[in-house]
> 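Pasting in a structure now, in structure tokens, and then I'll have a few things to ask.
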Number of protein chains: 2
Amino acid sequence: MHDISDIPGAPESFTPRQRAVLDRALELLLEGGERALTTAGLARAASCSKESLYKWFGDRDGLLAAMISHQASKVRARIDDGSALDLSRFRAHLVDFATDLLQVLAGDVSLALNRLAIGQASREGSRLGQLLIERGRRGIDRRAGALLDAGRRRGLIVYGDRDAAYHTLYGLIVRDLHVRMLLGEAGARQPEKFAALAEEAVTQFFVLFGVRENKKADPD
Amino acid sequence: MHDISDIPGAPESFTPRQRAVLDRALELLLEGGERALTTAGLARAASCSKESLYKWFGDRDGLLAAMISHQASKVRARIDDGSALDLSRFRAHLVDFATDLLQVLAGDVSLALNRLAIGQASREGSRLGQLLIERGRRGIDRRAGALLDAGRRRGLIVYGDRDAAYHTLYGLIVRDLHVRMLLGEAGARQPEKFAALAEEAVTQFFVLFGVRENKKADPD
DNA sequence: AGAGAACCGTACCGTACGGTACGATCATCT
DNA sequence: AGATGATCGTACCGTACGGTACGGTTCTCT
């Protein structure tokens, strides 16, 4: 398995000046997509020289990777290590997680960076996708994993493979919304419906993995 | 609701020569991504003139739209309107659908076109995403819808909202695999695992929507 | 056979991008 | 104060793309 340290450009931290430039780069990306993010345009918008950009980030790909690392470093995925965990609290935590997940995926920055990485994925040797998964998703995955483990320890849910259970939960929550949002379908981006979607997904998740009346494996 | 006829460039059918050119364009897209699909490159690869390309498709965006329409016209989504439908047959049909869905989404052409449309989605006024959904997904959606309706009529499953049930099935099948494949994660593209994934998804779907021992809504 | 349309190959144009070079400016260190 | 290094603004270069124009060729229709 790859670790974060495997990815070039990931470990170094950026100076405040560089972070400001990266923030401006994100704004340009949000405004006009990848085509709007040119070195000359960024230099002008961020009031820095192109020479500095190439000195700091190497080349354009390095800049894109730095943008992903920078954005990921801003999002702190808290771990709900709920101590006193009863069923209703556990369920509420799951619904919170589901709502947060949908809101994150629907966020402007997330969509822009995912579009960027996906657009680059066709080029051979582009590690932006890998980088995005490592730096962006790992935190969310860990939070969910810790949550599921806690629920299982309390006997509130039961599963054999934690990752499989998590992926099922993810599918129940996100469905095909992420891809539709990435494709720009307006109907898929309706944050006011996320709460209801989260509720339903968690309800279904409990039907599949919850411990209630019939906890034994169904024969036949 | 938009219909296919709403989309400019969709209704016209292409001449054999144009179809051959579009096929060549798809090959170029598969080989090197969007950057490799230039008008000059396509003209050279397809042995046609750039002037003809602009005459046939208007501009580059028209060419991309034509590629999507052309590819969609090649994929014929059959409808499993199974007549004698018992539970095991219905389940087999669902597993077939799930396997087909995963294989389609993992296909080279599908991934390339989705990456193309997603990469263009940031630009304002790009209808490629809409076009891809209309022309590519509608067929699959209809096939699944007909299948679910048939199962419900036979009393094999029960649901209130067919679209909701379908989206749940979709989420159970695809999970986050589609986005991971779009991002280029090698681990997500393992067709040898699709059969098992399809089986598990359908099993879970029946737990949620199947009619067995307790078919009444769970109180509390 | 002859006219007309469609099409091919090539050349051309303007633009815009990635990347580099250089002088000027500013901050810091001794 | 003087030197050193980082950075800015600008200019520059080579390339490559989207789109257009044009002469020559092939096909079709009458």
Side-chain angles (χ1 to χ4, degrees), chain A residues 8-9 12-25 27-29 31-68 70 115-117 119-120 122-128, chain B residues 8-9 12-29 31-68 115-117 119-120 122-128:
Chain A
E12 75 257 16
S13 60
F14 303 111
T15 69
R17 178 75 180 114
Q18 289 167 357
R19 280 194 285 270
V21 171
L22 291 174
D23 278 329
R24 201 74 191 83
E27 292 178 30
L28 289 181
L29 184 68
E31 291 170 12
E34 190 202 339
R35 317 302 294 253
L37 185 60
T38 67
T39 53
L42 176 58
R44 197 178 327 112
S47 295
C48 70
S49 68
K50 290 173 64 175
E51 196 171 19
S52 297
L53 291 180
Y54 286 102
K55 179 175 183 178
W56 293 333
F57 309 114
D59 57 2
R60 190 170 187 271
D61 285 351
L63 170 67
L64 303 183
M67 289 170 63
I68 292 177
H70 170 58
R115 287 188 182 125
L116 177 66
Q120 299 280 329
S122 46
R123 277 208 46 157
E124 187 65 29
S126 175
R127 310 198 53 166
L128 285 189
Chain B
E12 74 256 17
S13 59
F14 303 111
T15 69
R17 179 74 180 116
Q18 290 167 357
R19 280 194 285 269
V21 171
L22 291 175
D23 278 330
R24 200 74 190 85
L26 281 173
E27 293 177 29
L28 289 181
L29 185 68
E31 290 170 13
E34 191 202 339
R35 315 303 292 253
L37 184 60
T38 66
T39 53
L42 175 58
R44 196 178 328 112
S47 294
C48 71
S49 68
K50 290 174 65 175
E51 195 171 21
S52 297
L53 291 180
Y54 286 101
K55 179 176 183 177
W56 293 334
F57 310 114
D59 57 3
R60 190 170 186 271
D61 285 351
L63 171 66
L64 302 183
M67 289 171 62
I68 292 178
R115 287 189 182 123
L116 178 66
Q120 298 280 329
S122 47
R123 278 209 45 156
E124 187 65 28
S126 175
R127 310 198 51 166
L128 287 189

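Sequence lines set the chain letters: A, B, ... in the order given, protein chains first and strands last, and positions in each chain run from 1. What you see is a predicted model; the values in this text were computed from it and never measured.
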> Given side chains that start at C-beta, do those of B:R24 and B:V21 come closer than 4.5 Å, heavy atoms only?
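With C-beta onward as the side chain, the pair stays apart.
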> Bend angle of the helix from C:dA1-D:dT30 to C:dT30-D:dA1 from five-pair axes at both ends, rounded to 10°?
10°
> Test your reading of the model: is there a side-chain donor-acceptor pair from A:R19 to the backbone of A:F14, 3.5 Å cut-off?
yes
> Are any of the side-chain heavy atoms of B:Y54 and B:T39 separated by less than 4.5 Å?
yes
> Donor-acceptor pair, B:Q18 side chain versus B:T15 backbone, under 3.5 Å?
yes
> Quick one: B:R17 CZ to D:dT26 P, roughly how many Å, whole number?
15 Å
> What nucleic acid atoms does A:R44 come within less than 4.0 Å of, heavy atoms only: base, sugar-phosphate, or nothing?
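Nothing: the residue A:R44, judged by heavy atoms under 4.0 Å, touches no strand.
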> Is the backbone N or O of B:L37 less than 3.5 Å from a side-chain atom of B:R60, with the two atoms forming a donor-acceptor pair by type?
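Looks like yes, one N/O pair under 3.5 Å.
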> Can you give me the N/O atom pairs linking the protein to nucleotides 16-19 of chain D at distances under 3.5 Å, or say none if there are none?
from, atom 1, to, atom 2, distance (Å)
D:dG18, OP1, B:R60, NE, 2.6
D:dG18, OP2, B:T39, N, 3.0
D:dG18, OP2, B:T39, OG1, 3.3
D:dG19, OP2, B:Y54, OH, 3.4
D:dG19, OP2, B:R60, N, 3.1
D:dG19, N7, B:K50, NZ, 2.8
D:dG19, O6, B:K50, NZ, 2.4

> Does B:S49 put a side-chain nitrogen or oxygen below 4.0 Å from OP1 or OP2 of C:dC7?
no
> Does any N or O donor sit under 3.5 Å from an N or O acceptor when you compare the side chain of B:E51 with the base of C:dC7?
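There is none.
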> Can you confirm whether more than 12 heavy atoms, excluding those of A:R17, are under 6.0 Å from its CZ atom?
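Yes - once you tally the heavy atoms of other residues, nucleotides and ligands closer than 6.0 Å, there are more than 12.
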> What pairs with B:D61 under salt bridge (Lys or Arg N to Asp or Glu O under 4.0 Å), at least two apart in sequence or on another chain?
none
> Taking only N and O in the side chain of B:S52, is any of them less than 4.0 Å away from OP1 or OP2 of C:dC7?
no
> Is there a side-chain contact between A:W56 and the phosphate of D:dT7, meaning an N or O under 4.0 Å from OP1 or OP2?
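Indeed, a polar side-chain atom of A:W56 lies that close.
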> I'd like to know whether B:L64 forms a side-chain contact (heavy atoms from CB on, under 4.5 Å) with B:L29, so could you lay out the CA-CA distance, the side-chain angles of the two residues, the decisive distance to 0.1 Å, and finally the verdict.
CA-CA 10 Å; B:L64 302 183; B:L29 185 68; over 6 Å; no
> Tell me which of A:S47 and A:K55 sits closer to the 5' end of DNA chain D, going by the nucleotide each one is nearest to.
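With A:S47 and A:K55 compared, the 5'-side residue is A:K55.
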